[in-house]
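In what follows, a single structure is set out as structure tokens and then discussed.
Below, read A as the first sequence line, B as the second, and so on, with proteins coming before strands; counting in each chain starts at 1.
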There are 2 protein chains.
Amino acid sequence: MEKSALQIARAAYQPKLPVALRGNLTVVEGEPTQSVADQEEVERLFPNTYGMPYIKFEPTEGEMTTAQINVGVILSGGQAPGGHNVISGLYDGIKKLNKKNKLYGFLLGPGGLVDHKYMELTDEIIDEYRNTGGFDIIGSGRTKLEKKEQFDKGLEILQALDIKALVIIGGDDSNTNACVLAEYYKAIGAGVQVIGCPKTIDGDLKNEAIEASFGFDTATKVYSEVIGNIMRDCNSAKKYWHFIKLMGRSASHVTLECALQTHPNVTLIGEEVEAKNQTLDDIVTYIAEVVTDRANLGMNYGVVLVPEGLIEFIPAIKKLISELNDMLAANQKDFDLVSDEHKIDYVLAHLSDENAAIFRSLPLSVSRQLALERDPHGNVQVSLIETEQLLAEMVEKKLSEWKKDGIFTGKFATQHHFFGYEGRCAAPSNWDADYCYSLGFNAAMLMGAGKTGYMSSIKNTFRPADEWVAGGIPITSMMNMEKRSGEMKPVIRKALVELSGKPYKFFVRHRTEWARNTSFVYPGPIQYFGPSEVCDRPTLTLTLEQE
Amino acid sequence: MEKSALQIARAAYQPKLPVALRGNLTVVEGEPTQSVADQEEVERLFPNTYGMPYIKFEPTEGEMTTAQINVGVILSGGQAPGGHNVISGLYDGIKKLNKKNKLYGFLLGPGGLVDHKYMELTDEIIDEYRNTGGFDIIGSGRTKLEKKEQFDKGLEILQALDIKALVIIGGDDSNTNACVLAEYYKAIGAGVQVIGCPKTIDGDLKNEAIEASFGFDTATKVYSEVIGNIMRDCNSAKKYWHFIKLMGRSASHVTLECALQTHPNVTLIGEEVEAKNQTLDDIVTYIAEVVTDRANLGMNYGVVLVPEGLIEFIPAIKKLISELNDMLAANQKDFDLVSDEHKIDYVLAHLSDENAAIFRSLPLSVSRQLALERDPHGNVQVSLIETEQLLAEMVEKKLSEWKKDGIFTGKFATQHHFFGYEGRCAAPSNWDADYCYSLGFNAAMLMGAGKTGYMSSIKNTFRPADEWVAGGIPITSMMNMEKRSGEMKPVIRKALVELSGKPYKFFVRHRTEWARNTSFVYPGPIQYFGPSEVCDRPTLTLTLEQE
């Protein structure tokens, strides 16, 4: 494939490593760890990988070599910038341990392990992908590694290829499964270590040892670039309210980071909506009030940021969707016989009064979507709801009522946008390039140290890479028990936006000023070659959290 | 307002000027010009500004100074990257002519001239905006300067401020009006020169003297960045067809340039659709064939680029819309009384059989939009049609028919995107920063040379700035007579994509290969500080046209 000029120039970039990973290293063990909650239950489920210590690598004298091993790697779930650098870091790391070590990539996600689809990754292949975006080196996929049969099937190919260690690059669920696999392989004495790497643009895999999931830095910079461009347009044309929805699943980290970078007039944070038990009307009223305030100041324009997961955080809507799913599951046969044009009536007749009232208050396009479009399990497809349009329409309706009452005297015209795919495969920023390369290199060192059930951990990432701290954290230490499909399961606790956290608090301190004034900031595109203060700045979330 | 790190670093960039504009200069006149068509009629309408020669500036010895003059500047129409650099170039240019010269900016577009809203632009203000995107320094607007009363009203404030020259930065229509104004002021001896500057991301203001309209370079680079990111995601996840609509009004220049930069599987060019008299079904069939071909090769994913103006270029749709507008105008009162749910039936009953059949073939969402949503003049709002969704739905329908017939055996899932506002206010690329600054500086020199009715022209822009050629072209030379709102008017001829041009031909030579293979190119974000081959490359359209 033809390469762009930037891709060619960027290939030469040598990612920075923490000092401990530059030469020979030694392992420093901390205290035994506990899971974040439900300790007894988690320990019972992970007898072989529970309670291990946090470990840290420190530089030491001498040459580093280990016996020859083969290593496998898997990309799991949605794309995030820097995945290729995790793999090139891993590759360089295992080659440093022993030049004869080999790396195999399983194709199109965890399914590749189960279906025995793989390729050997060589110098030539790795060099093609250094510092590039995407997961296309081996592809990714969403198969969940959960069952014993999958583990056993996987072990066949691992043994056939003489693979002694497997690195799984994924989000919270994939790392949970990595740990289940580590536990199983250890329990049966399979002789295969499993190490996880924290990936997701959503930023919701985060704790004391994992300061950020990779990709969050780059993706939020790409979104902030285009948000900034739209803001400058907004502030030049002075005639539109732009409603911008941002990817990020349930958590609002992406939206919060982009807000910190660009200062929109309105930013909705799902976690706050839930904590305050807000209704859809509360949210619409809040936006309409900001619009009215600005109109009174002569500004009939602005920018609203909406997190993808918002709708699920509105308690009333959450209840409605839950009843809708249960009701439709119970009446599926009946419902399938109802013609499309009568489905909304059917739904209204079968919901509780409270939820029927909520359903009736939604714009037709949304109620139609809720009634007609379902996923293969028969569930309402919340992620398809165009929240940015929904809010724009509902705010417009409210403002036209206020206009009749003389409360609103301005103009209100809207544009809407949704950004997600634009940022997931961008080439990694310097920060992500370094962080990912270090995560991968470090994963190799964890394998070299004989560890399993650990996640690669690089800390102190707010500081220059020289001061980064490399180590590993037992995955079980991040777990608690949660209900999944009706059953209690051990899972890594998802990190939502903390309302007591510094990034959120910084936002709250400034949002009134950002609402009334036009305080837009235009971050511009990611730069790779300029001054350090432009090219190497970490996210504001990380900066505020670590400061 | 808080500035981003990049904005601060970028402020220091000193845009490059053509050699002739660096010191004292002399005017070299060419032969008298003719309008591109309808010479007699255009000459009759522009007795004072018709037939003037193309002029070129050449460097000469000595110091440059002119008598003190005040200058006005107007931003007209949609935003384009680099507008602030045109103004800073103009400012530096008039200061070079005479340090006492003053620059006034009229606010929010041509309306600011008519309504006497303006501000003086000072060193301090100009320095805040160097190399930034947006038009927010003085704002833009869409008021058309067409009437004698507007010209007279404008002259009052020009005289009150002692402004002897006015620069209008705009697209084809705004420059047409600039010329009408130049002619009028010359005819009445008002003593005000008028100079135009070629602005539009659409790229449709282009001819021998105007190699590109400013903003096209930057906007297409931003769109290509996000298209490339989506492509990398597409090629990693391998499960979606992404339908991407791009701004650009009627002409498909933006879409063609982005296709040349990124190599999508399908690119639709409006001008080709019209030339080949294609139907909507022809287009849908073509896309469905590419999807089927790729599915047969195991690739159920790809990228389709759709120009904003496509729908207007489909001859059958064009006819339908035209009959729809006429029919509704004739029956407006009746139609307004019809309830929304019966409007589609009403439309069907009142259209010719041929157009009713076309109307019936459209997806419901589109026919509803055509029947229900109209602009203030009662016209169908073609630009609101979500062509990218329309095509995705129609291709899906066709493929499900083909599936029944066993022709298509793959999967087809889609995502859609529309990019426009993301690129219009991006900070200018080096090329646009230099070009815009040169256009503005050069406009000052045209004023210094006593010219009016000219457009600022910078040629040879495919070469390094050292070799750029500065001069001016009489606006009348770009004109022909066209029907506007029922009347024949002199207008600058719009430059559509030429099917005999090199960029289009290059695309046609490669599109089959791009369709069947995955030949995606990932251009990445605009770089300002890196190697020249990354930071200074002009558009591929310009490169192919000028090579």
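Leu108(B) touches chain A through its side chain: at least one heavy atom from C-beta onward sits under 4.5 Å away, while N, CA, C and O do not. For chain A, the nearby part of Gln7(B) is the side chain; its heavy atoms alone come within less than 4.5 Å. Heavy atoms closer than 4.5 Å to chain A are found nowhere in Gln261(B), neither backbone nor side chain. For a residue to count as touching a neighbouring chain, one of its non-hydrogen atoms must lie under 4.5 Å from one of that chain's; by this rule Gln79(A) touches chain B with the side chain only. Both the backbone and the side chain of Phe520(B) have a heavy atom closer than 4.5 Å to some heavy atom of chain A. At a 4.5 Å heavy-atom cutoff, Arg10(B) makes no contact with chain A through either its backbone or its side chain.
At a threshold of 4.5 Å between non-hydrogen side-chain atoms, the residues Arg142(B) and Lys239(A) count as touching. Taking 4.5 Å as the limit, some side-chain heavy atom of Pro525(A) sits within range of a side-chain heavy atom of Leu6(B). Residues Val521(B) and Lys3(A) fail the side-chain proximity criterion, which asks for heavy atoms closer than 4.5 Å.
Here the side chain of Ser4(B) pairs a donor or acceptor atom with the backbone of Tyr522(A) at under 3.5 angstrom. Side-chain atoms of Gln415(B) never come within 3.5 Å of backbone atoms of Tyr421(A) as a donor-acceptor pair (strictly under, hydrogens ignored).
Rounded to the nearest 0.5 Å, atoms CD (Glu2(A)) and CH2 (Trp514(B)) are 8.0 Å apart. Expressed to the nearest 0.5 Å, how far CD1 of Ile526(B) lies from CD1 of Ile526(A) amounts to 13.0 Å.
Per-residue heavy-atom pair counts under 4.5 Å with chain B were compared for Met231(A), His417(A), Lys238(A), and the maximum is reached by His417(A). When the candidates Pro531(B), Cys234(B), Ala427(B) are compared by the number of heavy-atom contacts under 4.5 Å with chain A, Pro531(B) comes out ahead. Interface check for chain B: of the options Ala9(A), Pro523(A), Gly139(A), the most heavy-atom pairs under 4.5 Å are formed by Pro523(A). No other option in Gly228(A), Gly524(A), Pro81(A), Ala426(A) has as many heavy-atom pairs under 4.5 Å with chain B as Ala426(A). Your options are Val222(A), Asn517(A), Thr262(A), Thr132(A), and the one with the most heavy-atom pairs under 4.5 Å with chain B is Thr132(A). By number of non-hydrogen pairs under 4.5 angstrom with chain B, the leading residue of Gly78(A), Gly133(A), Gly109(A), Ser140(A) is Gly133(A).
Here the shortest heavy-atom pairing between Asn229(A) and Glu422(B) reads ND2-O, 2.8 Å. Taking every heavy atom of both residues into account, Val534(A) and Ala5(B) meet most closely at CG2-O, 3.6 Å. Residue Cys425(A) comes nearest to Arg232(B) through the heavy atom pair CB-CB, 3.7 Å, listed as atom of the first residue, atom of the second, then distance. Nearest heavy atoms, Gln527(A) versus Tyr528(B): OE1-N, 2.9 Å.
Within a 6.0 Å sphere centred on CZ of Arg511(B), heavy atoms belonging to other residues, nucleotides or ligands number more than 12.
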